[in-house]
Number of protein chains: 2
Amino acid sequence: MEISIATLERLPKYLRILKKHKEEKTVNISSTAIANELYLNSIQVRKDLAIVSKNDGRPGIGFDVEELIKDIEEFLDLNNKKDVIIVGAGRLGQALMNYKEFENDISIVMAFDKDKSKCNNKTIFHIAEMENLVKKLNIHIGIITVPKEEAQNVCDMMVKNNIKIIWNFAPINLKVPEDVVVRNEDLSASLSVLLKGIELNKGCKGD
Amino acid sequence: MEISIATLERLPKYLRILKKHKEEKTVNISSTAIANELYLNSIQVRKDLAIVSKNDGRPGIGFDVEELIKDIEEFLDLNNKKDVIIVGAGRLGQALMNYKEFENDISIVMAFDKDKSKCNNKTIFHIAEMENLVKKLNIHIGIITVPKEEAQNVCDMMVKNNIKIIWNFAPINLKVPEDVVVRNEDLSASLSVLLKGIELNKGCKGD
DNA sequence: TTAACATCGATATTTTTTTATCGATGTCAT
DNA sequence: ATGACATCGATAAAAAAATATCGATGTTAA
């Protein structure tokens, strides 16, 4: 079964509330309950879960919370922290470096900036050092949090250093070779949707 | 014509490259050219543009860059800066306060934190002061950049102070009354898609 | 025990979004 | 002029996503 990006984006949301329920000692949870919390449709929840879990829900009872957590985490290959570098140690970069929600998913092993001295108990390397450091470390994921003027340059350096997956926070469309995947975190796009939110007023509570 | 969220999210991307082309003195641009830059389909671009602009493209020539910019900006009601408050003046909050891309869209008129003394040439008010300050200012948009533990509290305060649109960066599902719109900026969801990106390898260059 | 109920999964339907087709229009080089 | 070409918009088709229907299963409380 092919998983869609939409489903993929919902999985962490399921995970989040499942973990909350686990903390509260909930053993079982129904798709309806999950759906209500996330302002989604329960059928959608069941379909999503069916993709990532072979554990059926029990009629009248719901799904086993712990099993679901395990299955989703396994599907997303979490708890198998991936090494990541980040370039751009400004405010946004630092925010990401300290974002607790990522702690189980990725490990930011190295940070670069044009301003070498910056730090927050982590060494920030100068961008020029990337060449020597990254290639041999077998890291394939990079985050770009530099101003848009420098983003393409940074991207090119990453590509040269064997980075294959790029999470780009700069508002610019990066040019990359075929085998490199870019995901743009486009805050302006989000803002547009938000500001039109009043008129549309749909699909917003849930995401 | 109803506009979809997907289209809405693409508009800022169009705007961005149109502005770039305007700077380069391009007068006309074809839907194909736009599509190529954004890794989209040209038909999709034309359909999107048809929704927001009455200016037809000219066969053999393309669209008038300046007119398109004007039409998209008008549609998104930009250049009519909206007043916004932000709660949470940590790294992420500061990053947003200084994000240049937003400058024409929103004006962050007031920032709050539980740590009053923080600032960066802008006064950061204590959260408790929200009650006195925000209600009378007729501000309806709020950004939440506090840790998830405090997010619901902050949200409740915003609602009490007449905020109707909330941009939430905390990884939690906020409970709000019917007439309040929430948009969650869910970085974990993005990360999930990113990390699965290799397998899917689609729809990622474009967004 | 049994009747009312909650919940499920499978299949079908609807809706939304994306992409293709194609005739029309207008440009540009010869 | 005129023929080859680029590009458009409108309509149609295809693909993807969300939602509804419904019989089956199992729970719970009288």
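The sequence lines fix the lettering, A, B, ..., with proteins before strands; numbering per chain opens at 1.
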- Message: Taking only side-chain N and O atoms of B:Arg58, does any of them lie within less than 4.0 angstrom of OP1 or OP2 on C:dT25?
- Response: no
- In whole Å, what is the span from the CD1 atom of B:Ile43 to the C1' atom of D:dA12? 11 Å
- Between P of C:dA6 and CG of A:Asp56, the distance in whole Å: 21 Å
- Task: Specify the angle, to 10°, made by the local axes at the two ends of the helix from C:dT1-D:dA30 to C:dT30-D:dA1 when five pairs are taken at each end.
- Result: 20°
- Message: If you only use heavy atoms from C-beta on, which nucleotide in C:dT17, D:dA6, D:dA20 is closest to the side chain of B:Pro59?
- Response: D:dA6
- What is the distance, rounded to the nearest whole Å, between atom CD of A:Gln44 and atom P of C:dA12? 20 Å
- Of the options A:Val84, A:Ile85, A:Ile141, A:Val180, which is the one that meets A:Ile163 in a side-chain contact (heavy atoms from CB on, under 4.5 Å)? A:Ile85
- Item | Contact list for residues 45-67 of chain B, test ring pair (Phe, Tyr, Trp, His ring centres under 6.0 Å), sequence neighbours left out | none
- Message: Applying a 4.0 Å non-hydrogen cut-off, can you work out what A:Thr7 is touching in the nucleic acid: base, sugar-phosphate, or nothing?
- Response: nothing
- Message: Using whole Å, what does the distance between atom C1' of nucleotide C:dT16 and atom CD1 of B:Ile51 come to?
- Response: 12 Å
- Message: Nearest 0.5 angstrom please: A:Gln94 CD to B:Arg91 CZ, how far?
- Response: 5.5 Å
- Quick one: label B:Ser42 by what it contacts on the DNA or RNA (base, sugar-phosphate, nothing), any heavy atom closer than 4.0 Å. nothing
- Task: Measure the CZ-CG distance between B:Phe75 and B:Leu8 for me, rounded to the nearest 0.5 Å.
- Result: 6.5 Å
- Do A:Phe169 and A:Ile86 come within less than 4.5 Å of each other through their side chains, counting heavy atoms only? no
- Query: When you measure from every atom of DNA chain D, which of residues 60-74 of chain A have a heavy atom less than 4.0 Å away?
  - Reply: A:Ile61
- Item | Distance in angstrom units between B:Asn28 CG and C:dC28 P, rounded | 10 Å
- Is any side-chain heavy atom of B:Arg183 closer than 4.5 Å to a side-chain heavy atom of A:Ser190? yes
- Task: Ignoring backbone atoms, test whether B:Ser31 places a side-chain nitrogen or oxygen under 4.0 Å from the OP1 or OP2 oxygen of D:dC8.
- Result: yes
- Where the side chain of A:Ala6 is concerned, which of D:dC8, D:dA18, C:dC8 is the nearest nucleotide? D:dA18
- Looking at side-chain heavy atoms only, is the closest gap between A:Leu15 and A:Leu78 below 4.5 Å? yes
- Query: In terms of side-chain heavy atoms, does A:Asp48 have a donor or acceptor partner in A:Gln44 at a distance below 3.5 Å?
  - Reply: no
- Side chain of B:Lys47 (C-beta onward), nearest among D:dA20, C:dT18, C:dT17: C:dT18
- Looking only at D:dT19, C:dA20, D:dC8, the nucleotide nearest the A:Asn41 side chain is D:dT19
- B:Glu129 CD: over 12 foreign heavy atoms closer than 6.0 Å: yes
- Task: Please report, rounded to the nearest Å, how far the P atom of D:dA16 is from the CG atom of A:Leu8.
- Result: 16 Å
- Write down the distance between CD1 (B:Ile34) and C1' (D:dC8), rounded to a whole number of angstrom. 13 Å
- Note on the structure: Whichever of B:Ala50 and A:Arg46 has the more 5' nearest nucleotide on DNA chain D, that residue is B:Ala50
- Whole-Å distance, A:Lys54 NZ to C:dC8 P, equals 18 Å
- Message: With a sphere of 6.0 Å drawn around CD of B:Gln152, does it hold more than 12 non-hydrogen atoms of other residues, nucleotides or ligands?
- Response: yes
